[in-house]
Amino acid sequence: MKNIGIIKLLIIQVILLTACDNILDQKPLDSYSDPVVWSDIELAKSYLNPIYDLIPNGWNLRGHSYATGVFSSETTQTKGQQLTPYDRGDFSPDNLGDDRGHLNWKNFSQIQSLNIFLSNVESIPDSYGESEKEMVTGQANVLKGEALFLRAWYYSEICRSYGGVPLFETPNELGLDFTEIGRASFEETINFIVKDCDAAAQLLKPKSEMEMGRANKEAALALKSRMLLFAASDLTADGNAFNEYVGYSSPNRTALWTAARDAAKALIDMGTCELSDFGAPDQDAVAENYFAFFKAKDLSNKEVIWGRMYRPDAGITIWTNRWCGPNGLNCWGNNGPYGNVADEYEMEDGSKFWDHFTLDDNKMYVNKSSKYTNDNIYYNREPRFYASILYDSTVWQPRFPDLAGQDPLGIYDRRTRIVIENGQEISKRFGLDSRQGPISPQNASYTGYLLKKTLDDEVEGANDPNETASIKMRYAEVILNYAEALLELGDIPKATQYINMIRNRAGLPDFTGDITEALRHERNTEFFLENMRWYDYRRWKVLEEEAFTDELYGVDIVEVTEDGVKSTTWRQINACPPKNFHEKLYWVPIQRDEMNRAPNLVQNPHYE
């Protein structure tokens, strides 16, 4: 992390925003010296653009489908049947594996850039005449708010992976002696992030008054809510933290949960956010509108607090359909959900899937329900299931002409079809999207499921990029943050009210049974594929039982037509080698090179 004498804007890809209605309308600049940048409000604004671009966004900036869901057993590593170093338990300072957004120590380079900005931005109005100075001062204050928010965001990502980390409020000078740098405590790090969020919220305008895609007041309040919820949870505040770098030494749980509650309530009371109306109680409408919500190309919906947008002709391009769509459409079938996740989704009446199905000795799904009597495990499920997961026989996209005759509807086709006459097998056809299918079978999922959430049914993934926005924070998270803090503070009636807001909006009745289980289920289901579950499992200290389950499974479907009579079976199959849990996996290790460069850093527990 060096202080920069001359800022090469071309090299660091600083982009000037011309008159536009969103952050994607960009025009490249040449390079400028420090005095020029810090005397021009538009150039200063452009300085922040590459820092926005480098916000962690999954492996290779590919988005939520390539984020931490693999560690929480939400999604597979590529097609399945393989493990990351984290899942194998051999995760170490020397063996970190691919960055799914969690290896974010490199964020310090962005923090250095932000500190340079913050040390200069207040001087910009001095370069303007009196007639412009008041207007430029207002603009500079908003830009300062953006930089404070971005610094808080980058630090929040580092903190949730590593705990307490070195804190830098001013730019580091060339030649800094890193041997003297140590870690701040977890408590100090949280306080630093909250302070930046508070300061940013004071300077930023509401989302409706900010350029789409840039930081806003609601985003600063939502980030504060997220981090105070993380801080109050068992991982860092149950009194059993390994040391001061990964938790509080003497936590006051009531005070911590009160702070988390109040942070969420501050944004609720602001009144500018609202839950999107998906059409409940009409469950078909909910499924359709929930899916549409996550394929939107901008961030205009009032539930969306902050995120980033994409376009095919500028900046980073995403190919979510190609990366994650069916192999039978010449896509790559990555990051499919496990059957464990599919079976978590409730039935349409809010009852548990396993209240209606069981497994026989051959792991065949067997219907035991007196209410939902169809053997098909995909019937009568809650709307978010249909909006989030591609499962066998769901209508998806038209086939290419050579396969349209076999599949005129354009379904996701996983089942094997066998025809038997007079005891003899007459024909056997594998699903077009299966690992025995006719097109790129190596790209088929081992689980039998693929993602639907965040994909776009109007994009031909084999040939075209996506433009779907990546949502970083939305109001539903704040609602459930508030509910959880209320629950922990003993306000059960109000916690119940806010949990049911999310359920009812999804077309489901009020929950029954244990409220903690209900809240955690709603977070898992509502935020599937939104880079939340790994952080939740860790802060709840349930990583071993939830993410390192005995078996991660998929489904094998066989349809047999014998002498004109059709029958179908659904069978659980193994989709992943066994995972190996270790207590160290609650935190990410600081990589070896960093430890060598700054030997006063204390490594995270169980990695030395």
Side-chain angles (χ1 to χ4, degrees), residues 65 76 78-80 284 287-288 290-292 294-295 297 312 317-337 342 374 376-379 381 385-421 425-468 554-562 564-570:
S65 62
T76 61
T78 63
K79 333 297 177 190
D284 290 338
E288 180 180 347
Y290 187 90
F291 171 65
F294 289 100
K295 70 170 188 176
K297 295 177 174 61
T317 304
I318 57 167
W319 298 78
T320 311
N321 275 43
R322 177 187 289 181
W323 296 325
C324 302
N327 59 296
L329 294 173
N330 274 327
C331 299
W332 300 347
N334 290 325
N335 310 322
N374 196 293
N376 192 318
I377 61 175
Y378 307 130
Y379 282 17
R381 305 296 291 276
F385 173 82
Y386 298 116
S388 302
I389 293 179
L390 284 180
Y391 57 92
D392 175 72
S393 296
T394 188
V395 175
W396 180 234
Q397 289 182 315
R399 294 286 174 183
F400 296 121
D402 57 335
L403 293 176
Q406 293 184 55
D407 176 19
L409 294 178
I411 65 171
Y412 176 56
D413 182 26
R414 287 291 302 201
R415 66 179 58 195
T416 301
R417 295 168 176 82
I418 300 172
V419 176
I420 299 173
E421 293 181 3
E425 184 177 298
I426 303 301
S427 65
K428 184 175 186 178
R429 181 171 75 78
F430 295 104
L432 299 179
D433 303 306
S434 72
R435 292 193 64 80
Q436 300 81 29
I439 299 179
S440 303
Q442 75 280 2
N443 283 330
S445 166
Y446 278 96
T447 71
Y449 298 103
L450 288 177
L451 303 177
K452 183 177 180 182
K453 189 176 181 178
T454 75
L455 272 65
D456 189 334
D457 55 345
E458 299 178 70
V459 169
E460 189 179 291
N463 300 309
D464 299 323
N466 289 68
E467 298 178 55
T468 306
V555 64
D556 180 60
I557 305 169
V558 179
E559 176 189 293
V560 177
T561 303
E562 185 168 4
V565 179
K566 185 181 294 185
S567 63
T568 306
T569 57
W570 292 259

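What you see below is based on every heavy atom in this structure, not just the backbone, and it leaves out hydrogens, waters and symmetry mates.
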[X] side chain vs [Y] backbone, donor-acceptor pair below 3.5 Å:
{"X": "Thr561", "Y": "Val419", "result": "no"}
{"X": "Asn327", "Y": "Ile439", "result": "yes"}
{"X": "Lys79", "Y": "Gly336", "result": "no"}
{"X": "Asn443", "Y": "Gly333", "result": "no"}
{"X": "Thr76", "Y": "Thr78", "result": "yes"}
{"X": "Arg414", "Y": "Val555", "result": "no"}

Return the [atom1] to [atom2] distance between [X] and [Y], rounded to the nearest 0.5 Å.
{"X": "Asp407", "Y": "Asp433", "atom1": "CG", "atom2": "CG", "value": "8.0 Å"}
{"X": "Thr568", "Y": "Ile377", "atom1": "OG1", "atom2": "CD1", "value": "11.5 Å"}
{"X": "Gln397", "Y": "Tyr412", "atom1": "CD", "atom2": "OH", "value": "13.0 Å"}
{"X": "Ser434", "Y": "Asp556", "atom1": "OG", "atom2": "CG", "value": "9.5 Å"}
{"X": "Leu390", "Y": "Ile411", "atom1": "CG", "atom2": "CD1", "value": "11.5 Å"}
{"X": "Ser65", "Y": "Asn334", "atom1": "OG", "atom2": "CG", "value": "8.5 Å"}

Do any side-chain atoms of residues 459-466 form donor-acceptor pairs under 3.5 angstrom with protein atoms, and if so which ones, sequence neighbours left out?
residue: Glu460; atom: OE2; partner: Asn463; partner atom: ND2; Å: 2.2
residue: Asn466; atom: OD1; partner: Thr320; partner atom: N; Å: 3.1
residue: Asn466; atom: OD1; partner: Asn321; partner atom: N; Å: 3.0
residue: Asn466; atom: ND2; partner: Asn321; partner atom: OD1; Å: 2.9

Heavy-atom pair with the smallest gap, counting every atom of [X] and [Y]:
{"X": "Tyr378", "Y": "Ile557", "answer": "OH-CD1, 4.0 Å"}
{"X": "Val395", "Y": "Leu409", "answer": "CG1-O, 3.8 Å"}
{"X": "Ala387", "Y": "Tyr290", "answer": "CB-CD2, 3.5 Å"}

Exercise. Does the side chain to side chain contact (heavy atoms under 4.5 Å, CB included) test come out yes or no for Asn330 and Ser440, once each step is laid out?
Worked result: CA-CA 7 Å; Asn330 274 327; Ser440 303; 4.2 Å; yes
For this session: Sort and list the pairs that fulfil side chain to side chain donor-acceptor pair (under 3.5 Å) and have at least one residue in residues 385-395, not counting sequence neighbours.
Result: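 Pairs touching residues 385-395 that pass the test: Asp392-Arg415.
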Exercise. What residues form a ring-ring contact (aromatic ring centres under 6.0 Å, His included) with Phe291, not counting sequence neighbours?
Worked result: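 Not a single residue meets the ring-ring contact (aromatic ring centres under 6.0 Å, His included) criterion with Phe291.
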Exercise. Passes side chain to side chain contact (heavy atoms under 4.5 Å, CB included), Trp396 versus Leu450? Steps please.
Worked result: CA-CA 11 Å; Trp396 180 234; Leu450 288 177; over 6 Å; no
For this session: Using salt bridge (charged side-chain N to carboxylate O under 4.0 Å, His left out) as the criterion, list what pairs up with Asp456, not counting sequence neighbours.
Result: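 So Asp456 forms a salt bridge (charged side-chain N to carboxylate O under 4.0 Å, His left out) with Lys295, Lys297.
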For this session: Please list, chain by chain and in numerical order, all residues satisfying salt bridge (charged side-chain N to carboxylate O under 4.0 Å, His left out) with Arg322, sequence neighbours excluded.
Result: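 For Arg322 there are no salt bridge (charged side-chain N to carboxylate O under 4.0 Å, His left out) partners, ignoring immediate neighbours.
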For this session: Only pairs at least two apart or in different chains count here, so list each salt bridge (Lys or Arg N to Asp or Glu O under 4.0 Å) that has a residue in residues 438-452.
Result: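 Listed by first then second residue: nothing to list.
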Problem set entry | Arg429 with Asp413: basic N within carboxylate O range, under 4.0 Å |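 Yes, this pair counts.
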